[in-house]
Amino acid sequence: MEINKIKCGKFSFNVPNFDLKLTMFSGQTSQPPWKHKNDYYQELIFIEDKPCLIKVRQKNNHLEVKYETDTKVSPQDIKKTIKYIFDLEFNLDKFYFNFTQNDSIFSRIVEKYNGLRLFLAHNKYECIISSITSANNSISKWTRSILRIKEKLGRKYVFPSSEEMYYFPDPETVLENKDKLKYCGVGYRYKYIVETTKILYENLSIDEVNKMEYDEAFETLLELPGVGPKVADCILLYGFRRYEAFPVDIWITRAIKDLFGVSKDIREFGQSKFGKYAGYAQLYLYQYIRHKK
DNA sequence: TGTAGACCTGGCAAC
DNA sequence: TCTAACAGGTCTACT
C-alpha cells in the first residue's frame, strides 16, 4: 500500500537514564525487537490512525529520530508516542531508590542494567496475540512467529525511502485468514489465537478492559483461551502499562527463589514486596537471573 | 483442590 | 547427516 501526502523529517531529544538497546533486547517484552538497519532501529506504528515509519538510534543521552508519515502527524505526536513506547516518563531514579535501599544485591543489579525501561506495546491487540504466542516458547521461535504473522497476514506499506514494512493484522483479517495463520509456526497456540480473536472481535472490547481496575482486568483476561496468569500479567504490564503486574515465568521463579528463598505463590510475593514497582522489579530480576554465573 | 502429562517448534548435542 | 532430549506456560483429565 502506497501512502499519500507523505512527509519525512528528523529530530532528537534528551533521554536521561535510558538504554535503548538494553530496553529493546531485554527479553521481557510483548513485542520482538525492532528491525535494525543502517544503525537505526525501525518500526511501523500508527499515530492518529496514520501509518508512520519510525527510526531511532541513541547517541549518549540523546535519542535521534527519523520519520516518514502522513502530513497530518506532527513531530510532537511522534515524540509523545516514542516516550510512551519506551516509558520515558517513568521516574527510574525513584524506583532505583526504593529498590536498592540497604540492599547490596539490588544495588549491583541496578548499576549493571542502568537505563533499562519497559518496552511497551503500541498495539494492544498485537500485544495480546503476541503474549499468547510467547507462552511455552523460546524468544527466537516466538520472534519468528510474530514476524511471519505480520508478513503473511499483515498489511504492507511502502515508504518514500523504499522501505517496505508490515503492520500486524487486525482481528477481522486474522479471522478471515485462519489458514495462513497455521503456517506461521505458532503450533498448538493456533486455536488459542483464533478463539481469543473471536472473543475480542465479537464480545470483549479491549478499551473496556483497559478501563478496568487491575484485578478485574486480570480476571477478565484469564477468560481468554491461551491466557494464564503469566500471559495476563504480561498483557497488563506491556500492553496496558499496569506497573503492579508481576509476570511470573520460569526465570522469575528462579530469581525469587535464589534471592528470597520463596518458591510458592511467587506472584503474590512479588506484588506484595514491590507494590507499584512490581513490573519494573521483575524486569530487573529477569536480567539478574538470566546473566547470573 | 492439586497435579501429571500433552501440546509444538527448532536450535543444539550426541552419535 | 540423522536422531533424541530439551525448554517454555496453559489446558485438561484424573485423583
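Below, chain A is the first sequence line, B the second, and so on; all start at residue 1. None of these values were measured; they are calculated from a predicted model.
- Each of A:Q271, A:K230, A:E268 was evaluated against A:F246; a single residue qualifies, A:Q271, per the side chain to side chain contact (heavy atoms under 4.5 Å, CB included) test.
- Nearest to the side-chain atoms of A:P229 among the listed nucleotides B:dC8, C:dT10, C:dA7 stands C:dT10.
- Under 3.5 Å, the side chains of A:Y67 and A:D77 contain no donor-acceptor pair of N or O atoms.
- Between C:dA7 and A:W251, no contact under 4.0 Å exists linking OP1 or OP2 to a side-chain N or O.
- Atom-to-atom, CD of A:Q28 to P of C:dG9 comes out at 9 Å; the value is rounded to the nearest Å.
- Separation of the P atoms belonging to B:dC15 and C:dC6 is 13 Å when rounded to the nearest angstrom.
- Taking atom P on both nucleotides, B:dA13 is separated from C:dG8 by 16 Å, rounded to a whole Å.
- Closest contact between the side chain of A:A135 and the listed nucleotides C:dG8, C:dC11, C:dG9 involves C:dG9.
- For B:dG5, the paired nucleotide is C:dC11, the pair qualifying as Watson-Crick or G-U wobble because both relevant distances are below 3.5 Å.
- Taking atom CD1 of A:I289 as the reference point, atom C1' of C:dA7 lies 16 Å away to the nearest angstrom.
- For the residue pair A:Y284 and A:Y96, a side-chain donor N or O sits within less than 3.5 Å of a side-chain acceptor on the partner.
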May I have the step-by-step check of ring-ring contact (aromatic ring centres under 6.0 Å, His included) for A:F274 and A:F99, ending in yes or no?
-> CA-CA 8 Å; A:F274 303 112; A:F99 200 55; 5.7 Å; yes
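- Within 4.0 Å of A:L224, counting heavy atoms only, lie sugar-phosphate atoms of the nucleic acid but no base atom.
- When rounded to the nearest whole Å, the span between OH of A:Y190 and P of C:dG9 equals 24 Å.
- Within 4.0 Å (heavy atoms only), A:K141 reaches at least one base atom of the nucleic acid.
- Rounding to whole angstrom units, CD1 of residue A:I129 and C1' of C:dT10 are separated by 15 Å.
- Nucleotide C:dT3 forms a pair with B:dA13, judged by Watson-Crick or G-U wobble geometry with both contacts under 3.5 Å.
- For the P atom pair drawn from C:dT15 and B:dA6, the interatomic distance equals 15 Å after rounding to whole Å.
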Steps toward side-chain hydrogen bond (donor to acceptor under 3.5 Å, both in side chains) verdict (A:T173, A:D170) = CA-CA 5 Å; A:T173 307; A:D170 56 30; 2.5 Å; yes
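- Counting only heavy atoms from C-beta on, A:R144 has its side chain closest to B:dG11 among B:dG11, C:dT10, C:dG8.
- B:dA14 sits 14 Å from C:dA7 when the P atoms are compared, rounded to a whole Å.
- A cation-pi contact, defined as under 6.0 Å to the ring centre and within 45° of the axis, links A:R267 to A:F218.
- Summarising the geometry, the separation between CG on A:N137 and C1' on C:dA7 is reported as 10 Å, rounded to the nearest angstrom.
- Whole-Å rounding puts the A:I250 CD1 to C:dA7 P distance at 9 Å.
- Taking side-chain N and O atoms only, A:R148 has no distance below 4.0 Å to OP1 or OP2 of B:dT9.
- For A:Y183 and B:dG10, the OH to P distance is 14 Å, given to the nearest whole Å.
- Across all strands, A:V186 comes closer than 4.0 Å to no nucleic acid atom at all (heavy-atom distances).
- Taking atom CD1 of residue A:I235 and atom P of nucleotide C:dG9, one finds them 14 Å apart after rounding to whole Å.
- Looking at which nucleotide of DNA chain B each of A:S140 and A:Y192 is closest to, the 5′-most match is held by A:Y192.
- Backbone-only contact: A:R254 has heavy atoms under 4.0 Å from sugar-phosphate atoms and none from a base.
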